[in-house]
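Note that this is a predicted model, so its numbers are computed, not measured.
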Amino acid sequence: MTSVAPFLPWNRPSLGQEEEAEVMDTLRSGWITHGPKAGRFEEAVKSELGVEDAFAVSSCTAALHLALLAAGIKPGDEVITPSLTFCAAPNAIVQCGARPVFTEVDPVTLTIDPEAAEQAITSRTKAVVVMHYGGQPCDLLAFHKLADDHGLVLVEDAAHALHAWRDGLRAGSVGDLAVFSFYANKVITCGEGGMIVGRADLVQAARLLGRHGIDTSVWQRHGKRNTADYEVTVPGLKYTMPDITAAVGLQQFHKLPDFTARRAQIAASYDRSLAGLPGLRLPTVAAGARHGWFLYPVLVGPVGGRTRDTVAGRLLNDHRIGTSVHFKPVHRLAAYRYLDCHLPITEQIAAQQLSLPCYPAMTAADVHRVIDALHAIWS
Ligand SMILES: Cc1ncc(COP(=O)(O)O)c(C=O)c1O
């Protein structure tokens, strides 16, 4: 009987007894919604990043929506953002009634190109939402200057980059606001969750909008005021992170340095072992960057009859290895085709890009399995 190798997924979370204990503590505490644990998680991220304030929310998408609302984005405004990203930022822009203006990425780092962004500025431009692709920060210094020079709000979509630096600046600490994702496949996870950090006035505005526009949180009123003793000062939304979720996030955040070190080790193994395969372009880390390696993104050029899709197909069908694609360019998705964008660099990258498994739960044998499989496909 031949034994079939177990499926190696593209991504799997690393959760342990610490998260279990913290969740049990929360369940037994009598307070399971946004409260003390969310506060501790916010404080931990805030102090490590050195930002003025932080608010834990239900997803990064919620954080993006709140960031743009807090920044005053409204119908008629334009917001510059890359197309080589997840749909969350463009969707949030549209939900504010504004128009996303998609710009090109740097073909080497795959992060938003500051020169292309500058060329896209018009009198209607109000904000730029940059994205730190796969854990590689974009050129933070250039975007900080661009936002200053043109009076724009800078939002960092740091969904992939909770633990990454460029030119000595930590991703998520430079923009007026930055957002993080704790979705199931992210560098740390609590299933679904996000955080918005940055300038105190803007995070406070986001906090108000994210709890219905109510002036105090339920936890702040608990035991001190009648629960119904509140005022709604603006028409808001409900985007708070519950404490059950924050309990997981808190413990995951303590593990982030170890997770990042392991991701970097895996990336280094791939760098060493996959270099030189014809047509396979490995990731380039920008000078001055410390990559967070949420993704290990390769580009499969059309050499030897191989394409990204044939390689992904053989990894899955012949070797039982999962991969992913980051991303389908947003301007090519049905909801955005009306914008009729011309972004040849983005389109070429998107046609060739493949994300290999790269996460702390992988064993050394898992990493070798991926390497051996790629060598077999190239042989
Ligand atoms: C770049 C980027 N931004 C935002 C998001 C949205 O994150 P969430 O699922 O937490 O809303 C994602 C999710 O994959 C993402 O990749």
Side-chain angles (χ1 to χ4, degrees), residues 1-23 133-136 159-164 181-193 247-277 280-285 290-300 306 308 310-326 353-379:
M1 209 172 73
T2 52
S3 70
V4 179
F7 177 59
L8 178 67
W10 165 71
N11 195 288
R12 195 174 57 216
S14 293
L15 297 160
Q17 287 175 351
E18 299 79 6
E19 288 83 356
E20 285 176 21
E22 196 75 55
V23 170
Y133 182 94
Q136 164 125 273
H160 299 180
L162 184 56
H163 206 61
S181 174
F182 312 123
Y183 176 66
N185 65 18
K186 293 300 185 292
V187 288
I188 66 167
T189 183
C190 41
E192 297 281 356
V248 181
L250 247 181
Q251 290 302 324
Q252 287 267 290
F253 190 60
H254 295 323
K255 299 178 179 179
L256 180 61
D258 288 346
F259 286 173
T260 307
R262 178 69 188 131
R263 286 177 183 279
Q265 265 179 358
I266 297 169
S269 296
Y270 285 154
D271 283 348
R272 274 193 308 275
S273 309
L274 301 176
L277 292 182
L280 186 71
R281 211 187 92 188
L282 305 182
T284 305
V285 181
R290 232 171 99 192
H291 203 303
W293 296 114
F294 165 58
L295 301 179
Y296 189 88
V298 298
L299 301 184
V300 182
R306 282 173 295 267
R308 184 265 314 280
T310 61
V311 171
R314 286 199 57 193
L315 282 170
L316 181 65
N317 299 320
D318 300 353
H319 301 275
R320 310 229 343 109
I321 293 172
T323 55
S324 190
V325 167
H326 294 87
Q353 193 279 339
L354 188 67
S355 298
L356 301 182
C358 182
Y359 49 93
M362 287 176 83
T363 63
D366 291 335
V367 178
H368 285 295
R369 199 174 139 193
V370 177
I371 292 166
D372 290 347
L374 286 165
H375 278 276
I377 293 168
W378 254 258
S379 65

Determine the minimum heavy-atom distance between [X] and [Y], stating which atoms define it.
X    : Y    : value
R306 : I377 : NH1-O, 3.8 Å
G322 : F7   : N-CE1, 3.5 Å
G134 : H291 : O-CE1, 3.3 Å
A361 : P13  : CB-O, 4.3 Å
A264 : W293 : CA-CD1, 3.7 Å
Q353 : S324 : OE1-O, 4.2 Å

Ring geometry between H326 and W10 (parallel below 30°, tilted from 30 to 60°, perpendicular above 60°): tilted
Measuring from [X]:[atom1] to [Y]:[atom2], what's the distance to the nearest 0.5 Å?
X    : Y    : atom1 : atom2 : value
R290 : T260 : CZ    : OG1   : 8.0 Å
L356 : L280 : CG    : CG    : 7.5 Å
E22  : L250 : CD    : CG    : 5.5 Å
L315 : L8   : CG    : CG    : 10.0 Å
N11  : Y183 : CG    : OH    : 9.5 Å
S14  : I188 : OG    : CD1   : 12.0 Å

Whether over 12 other heavy atoms sit under 6.0 Å from Y359 OH: yes
Test item: [X] side-chain N/O and [Y] main-chain N/O as donor-acceptor pair under 3.5 Å:
X    : Y    : answer
Q252 : E19  : no
R281 : L299 : no
R308 : L354 : no
D366 : T363 : yes
R369 : I321 : no
R263 : C358 : yes

Evaluate the side-chain proximity of [Y] to [X]: yes if any heavy-atom separation is below 4.5 Å, no if none is.
X    : Y    : value
P283 : Q136 : no
L162 : K186 : no
Y296 : D271 : yes

Residues T189, V248; criterion side chain to side chain contact (heavy atoms under 4.5 Å, CB included); working and verdict: CA-CA 7 Å; T189 183; V248 181; 5.7 Å; no
Side chain to side chain contact (heavy atoms under 4.5 Å, CB included) evaluation trace for V367 with Y270: CA-CA 8 Å; V367 178; Y270 285 154; 4.0 Å; yes
Verdict with reasoning, R262 to K255, per side chain to side chain contact (heavy atoms under 4.5 Å, CB included): CA-CA 11 Å; R262 178 69 188 131; K255 299 178 179 179; over 6 Å; no
Verdict with reasoning, H163 to V187, per side chain to side chain contact (heavy atoms under 4.5 Å, CB included): CA-CA 8 Å; H163 206 61; V187 288; 5.8 Å; no
